[in-house]
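So the structure is just underneath, and the comments pick up after that.
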Amino acid sequence: MTKHETAKLLAVLAAAFPRFEVDDLKVQVWHELLGDLDYGVLQLAIQKLILENPYSPTIADIRKRAAEIMTPQEEMIDAAGAWGEVVRAVRKYGYCCEAEALESMSPQVAKVVRCIGWREICLSEEPGVVRGQFLKMYQQVSEREQKMRLLPQSLRDEIQKLAGHMKFITGGSGG
């Protein structure tokens with residue numbers, strides 16, 4: 001998105017919310033934090049926010065709504081649906097076919113299953129306990145990934161770079 005398009009979006013917000021003031025610094029800051037997003041997506045996000053909220057949105061509100069618009073519904077799986085993927089994989093592949101089972105799952109579900117352990121899930125004598133652990137972990141992973149998706153790509157890159165640097169300094173492993 002261009003700086004001019006950012007200014008146009010801010011003008012729409014100023015028209016919808018009389019106390020919302022636009023100046024050069026605001027245009028600059030909003031462009032830095034929203035400029036990585038598509039102008040059309042931001043237009044839709046702002047229109048939805050104007051219709052739903054009596055107060056002017058923040059940059060965070062707009063990024064969150066834009067992320068919702070850009071994320072296809074089929075990618076949005078809740079914790080119960082994620083556990084359903086695990087149960088189906090256990091039934092279809094069993095204990096011996098871990099690689100195939102993990103391949104059959106969405107990446108986020110497979111990530112949590114790896115953390116708990118495929119063997120532990122398959123051989124547990126208390127599936128209710130494993131289910132509870134999975135649901136809690138899945139929720140945490142989902143929230144963390146959602147927060148990362150809300151950040152501009154340049155900020156995500158800087159965070160990854162810093163995290164890699166900290167691992168190097170502390171001698172941490174990547175696993």
Side-chain angles (χ1 to χ4, degrees), residues 1-85 102-115 134-170 172-175:
M1 176 173 66
T2 67
K3 203 170 192 179
H4 176 72
E5 290 170 331
T6 303
K8 285 171 48 176
L9 293 175
L10 291 175
V12 169
L13 288 170
F17 302 102
R19 292 190 177 161
F20 188 89
E21 297 179 16
V22 180
D23 57 34
D24 290 339
L25 180 59
K26 187 175 265 187
V27 171
Q28 177 64 36
V29 170
W30 283 58
H31 181 68
E32 283 179 28
L33 298 174
L34 294 173
D36 63 309
L37 299 174
D38 179 71
Y39 176 69
V41 170
L42 289 172
Q43 280 183 308
L44 290 174
I46 287 172
Q47 287 172 2
K48 285 188 77 173
L49 287 163
I50 289 170
L51 293 171
E52 296 169 353
N53 298 304
Y55 304 105
S56 60
T58 64
I59 292 169
D61 295 330
I62 294 169
R63 286 199 76 90
K64 184 175 182 180
R65 191 56 45 113
E68 290 169 3
I69 291 169
M70 294 185 301
T71 304
Q73 285 300 113
E74 58 271 9
E75 286 183 25
M76 298 178 73
I77 180 172
D78 65 0
W83 180 248
E85 280 188 32
L102 290 171
E103 186 67 29
S104 74
M105 299 173 198
S106 62
Q108 209 169 14
V109 173
K111 181 178 185 175
V112 176
V113 168
R114 282 188 199 95
C115 289
F134 176 88
L135 295 175
K136 185 173 183 178
M137 287 177 71
Y138 184 82
Q139 188 65 35
Q140 291 171 340
V141 168
S142 295
E143 288 171 4
R144 187 178 314 127
E145 289 184 5
Q146 176 65 19
K147 285 179 183 177
M148 285 302 282
R149 273 196 301 270
L150 293 176
L151 298 176
Q153 186 61 49
S154 60
L155 192 52
R156 280 186 260 170
D157 294 343
E158 286 296 318
I159 290 169
Q160 292 293 349
K161 187 172 147 185
L162 181 60
H165 181 69
M166 294 307 292
K167 284 181 186 175
F168 177 75
I169 290 173
T170 61
S173 64

State which residues pass side chain to side chain donor-acceptor pair (under 3.5 Å) with [X]; sequence neighbours excluded, sorted by chain then number.
| X | answer |
| --- | --- |
| Gln139 | Glu143 |
| Ser104 | none |
| Arg63 | Asp36 |
| Ser142 | Gln108 |

Approximate separation, where rounding is to 0.5 Å, of [X] [atom1] and [Y] [atom2]:
| X | Y | atom1 | atom2 | answer |
| --- | --- | --- | --- | --- |
| Gln140 | Glu145 | CD | CD | 12.5 Å |
| Leu34 | Glu5 | CG | CD | 12.0 Å |
| Asn53 | Asp61 | CG | CG | 6.5 Å |
| Ile46 | Leu13 | CD1 | CG | 4.5 Å |
| Leu44 | Ile62 | CG | CD1 | 12.5 Å |
| Gln160 | Glu158 | CD | CD | 11.0 Å |

On a heavy-atom basis, which atom in [X] and which in [Y] lie closest, and how many Å separate them?
| X | Y | result |
| --- | --- | --- |
| Leu33 | Pro152 | O-CG, 3.9 Å |
| Ala66 | Ala45 | N-CB, 3.8 Å |
| Pro57 | Phe17 | CD-CE1, 3.6 Å |
| Ala11 | Val22 | N-CG2, 4.5 Å |
| Ala80 | Leu135 | N-CD2, 4.1 Å |
| Met137 | Cys115 | CE-CB, 3.2 Å |

- Give a yes or no on whether a salt bridge exists between Glu52 and Arg65, defined as a side-chain N under 4.0 angstrom from a carboxylate O.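 Salt bridge flag = yes for Arg65 with Glu52.
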
- Item | Member of Val41, Leu42, Leu37 meeting the side-chain contact (heavy atoms from CB on, under 4.5 Å) criterion with Ile69 |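 The passing option is Val41.
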
- So with a 6.0 Å cut-off around CD of Glu103, is the heavy-atom count from everything else above 12?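 At most 12 heavy atoms, drawn from other residues, nucleotides or ligands, come within 6.0 Å of this atom.
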
- Ignoring hydrogens and geometry, is there a side-chain-to-backbone donor-acceptor pair from Glu85 to Val109 under 3.5 Å?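 The answer is no, because no donor-acceptor pair under 3.5 Å joins these two groups.
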
- Item | Within residues 6-26 or reaching into it, pairs that qualify as side chain to side chain donor-acceptor pair (under 3.5 Å) - sequence neighbours excluded |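 Applying side chain to side chain donor-acceptor pair (under 3.5 Å) to every pair that reaches into residues 6-26, excluding sequence neighbours, yields Thr6-His31.
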
- Query: Would you say Phe134 and Val113 make side-chain contact, with heavy atoms under 4.5 Å?
  - Reply: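 A side-chain contact under 4.5 Å exists here.
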
- Item | Partner residues of Phe20 under the ring-ring contact (aromatic ring centres under 6.0 Å, His included) criterion, sequence neighbours left out |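 Here the qualifying residues are Trp30.
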
- Task: Please assess Met70 against Asp38 for the test side-chain contact (heavy atoms from CB on, under 4.5 Å), listing each intermediate value before the final yes or no.
- Result: CA-CA 10 Å; Met70 294 185 301; Asp38 179 71; 5.7 Å; no

